[in-house]
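Below is one structure, written out as C-alpha cells, with a few remarks after it.
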There are 2 protein chains.
Amino acid sequence: MYGSHEHAHCVEEAINTASRICDERGLRFTGLRRRVLELIWENHGSAKAYDLLENLGGDYSAKPPTVYRTLDFLQENGLVHKINSLNAYVGCSHPLQHKDCFFLICSACNEVEECCGTAMADALRDMTAKQDFKPDHTTLEIEGRCHDCQAGVQ
Amino acid sequence: MYGSHEHAHCVEEAINTASRICDERGLRFTGLRRRVLELIWENHGSAKAYDLLENLGGDYSAKPPTVYRTLDFLQENGLVHKINSLNAYVGCSHPLQHKDCFFLICSACNEVEECCGTAMADALRDMTAKQDFKPDHTTLEIEGRCHDCQAGVQ
DNA sequence: TGAGTTATGTAATAATATAACATTTCTTGG
DNA sequence: CCAAGAAATGTTATATTATTACATAACTCA
Ligand SMILES: [Zn+2]
Ligand SMILES: [Zn+2]
Ligand SMILES: [Zn+2]
Ligand SMILES: [Zn+2]
C-alpha cells in the first residue's frame, strides 16, 4: 500500500527514465506516448486499455487503435508490462535492468508489485531444463494479499 | 509432440476420471459437460471458447453462455484450467491431485504440458514469504519450444 | 524542399466474456 | 407418483477487449 506517499514523484521519475531510454535508442517519446505512460503510472495498480482511452480526452483523439498501438510501443521497449490475468497494463518499475520478472497482485488494494528475483528465475530455468523445454517468455502473476492488506484478515 | 500416439485413449481416460470425480462429489456430469470436456481433450493443445461453441452443434444449443458456464463448472471442479496468456482452456492432466501447477506452452506445436513440481512451488512460497505476500492463486505460463520442436532450430 | 519513414486518425469489425431473464430437467420429500 | 424447489440449460442482448485496413499528419534527412 502506497496510500500516503507522494505519488507524483513516481510518475515523474518513470517519465524521466522513459524519456532517457527513448533518447538513447533513437525512439520518439511523443506526447501521446508520454501521456499514456503517465496515465498508467498515475496509480500503483494496473490500468485497463479502455480506461486509458477514456482518460485521453483533450489533445488526443482517443480511439482503440491509438491506445493499443501506444501500449505496444511501450511494451516492446520494456516500459510497460501486460498483466494477462487482469487484461491490464502496469508500468515497468525498472526498465532495461530486468529479465524474468513476476508480479504480486493484491486483490484488496489492487496494487501490483513487480519483482525480479534470481531465485525464481533459477528455479524456472532448472525446471524447464529438466523438461528440455526452451522458454521464450514467462507469465508469472501471483494474486493474493499484500503485507498491508493482511491486517485483520488473518 | 504427441503426433503419433493413440490419442482417443487420452480423451477416454480424461472423461472417465471426470465422471468418477463428479460421482464422488455428487455433481452432475451432464451430456453438455461431457461433450465440452471431450472437445477440449481432443487435442493436446488448448481450446478457445468460441471454437468449442462452433463444434457444439447437434444436440446442444450453442450460444456463448452455454460454453462459458460449462467452462466455469469444469474449472471450479478442477477438470480444466484457463491459460490466461492464450485466452484458452486445457484439460487438467491430474485432477484432484495437484496444487500449484504451471504450464509449458510450445509455440511450434501448440501443445500445453501441465507440470506440478514441488521445486517451483517451494521457490514461489519462499519468494512470496520474503515479501510478506499471501498468495491465493498463481498464474505461471511459460511459452517456448518443447523438446520435439527444438530440432533444427538450434 | 520533398521523398521516404514513422506516427496518428478513423471507421469498421473481430474476439472474448457476461448480465438478465425464461424454460427445461432433475431431485426429493410427501 | 407428484408437486415443489433446485440445478441446468436456453435465449437475447450487451459489455469488454483487441485488431484490420486504409487515410492523413508529422518527422527525418538527403
Ligand atoms: Zn519490468
Ligand atoms: Zn494490498
Ligand atoms: Zn491441473
Ligand atoms: Zn512443440
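Letters go in sequence order (proteins before strands), and every chain restarts at 1. Values in this document were obtained by computation on a predicted structure and should not be read as measured data.
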Quiz item: Is A:R34 paired with A:E38 through a side-chain N to carboxylate O contact shorter than 4.0 Å?
Solution: no
Quiz item: Would A:L140 and B:T138 count as a side-chain contact (heavy atoms from CB on, under 4.5 Å) if you check the C-alpha gap in whole Å, the side-chain angles of each, and the deciding distance to 0.1 Å?
Solution: CA-CA 7 Å; A:L140 177 42; B:T138 295; 3.8 Å; yes
Measure all distances between protein nitrogen or oxygen atoms and nitrogen or oxygen atoms of nucleotides 13-18 of chain D, and list the pairs falling under 3.5 Å.
unit_1, atom_1, unit_2, atom_2, d
D:dT17, OP1, A:K48, NZ, 2.4
D:dA18, OP1, A:K82, NZ, 2.4
D:dA18, OP2, A:Y68, OH, 3.0
D:dA18, OP2, A:Y89, OH, 3.2
D:dA18, N7, A:Y50, OH, 2.6
D:dA18, N6, A:Y50, OH, 3.2

Quiz item: Is A:R125 paired with A:D122 through a side-chain N to carboxylate O contact shorter than 4.0 Å?
Solution: yes
Quiz item: Should we count NE2 of A:H137 as having more than 12 external heavy atoms under 6.0 Å?
Solution: no
Practice problem: Could you tell me whether the side chain of B:Y60 and the main chain of B:G31 form a donor-acceptor pair under 3.5 Å? | Solution: yes
Quiz prompt | Straight-line distance of B:C146 SG to B:L104 CG, nearest 0.5 Å | solution = 9.5 Å
Self-check item: Main-chain N/O of A:A108 paired with A:R145 side-chain donor or acceptor, under 3.5 Å
Solution: no
Please list each protein N or O that sits under 3.5 Å from an N or O in nucleotides 6-9 of chain D, with the distance.
unit_1, atom_1, unit_2, atom_2, d
D:dA8, OP1, B:R33, NH1, 3.2
D:dT9, OP1, B:T30, OG1, 2.6

Quiz prompt | Contact nearer the 5' end of DNA chain D, comparing A:D72 with B:A62 | solution = B:A62
Quiz item: Got a donor-acceptor contact below 3.5 angstrom from the A:N77 side chain to the A:F73 backbone?
Solution: yes
Quiz prompt | Carboxylate-amine/guanidinium proximity below 4.0 Å for A:E42 and A:R35 | solution = yes
Exercise. Name the first nucleotide and the last nucleotide along DNA chain C (5' to 3') that come under 4.0 Å of a heavy atom in chain B.
Key: C:dT16 to C:dC26
Quiz item: Within the side chain of A:K134, is there an N or O that forms a donor-acceptor pair under 3.5 Å with the backbone of B:C149?
Solution: no
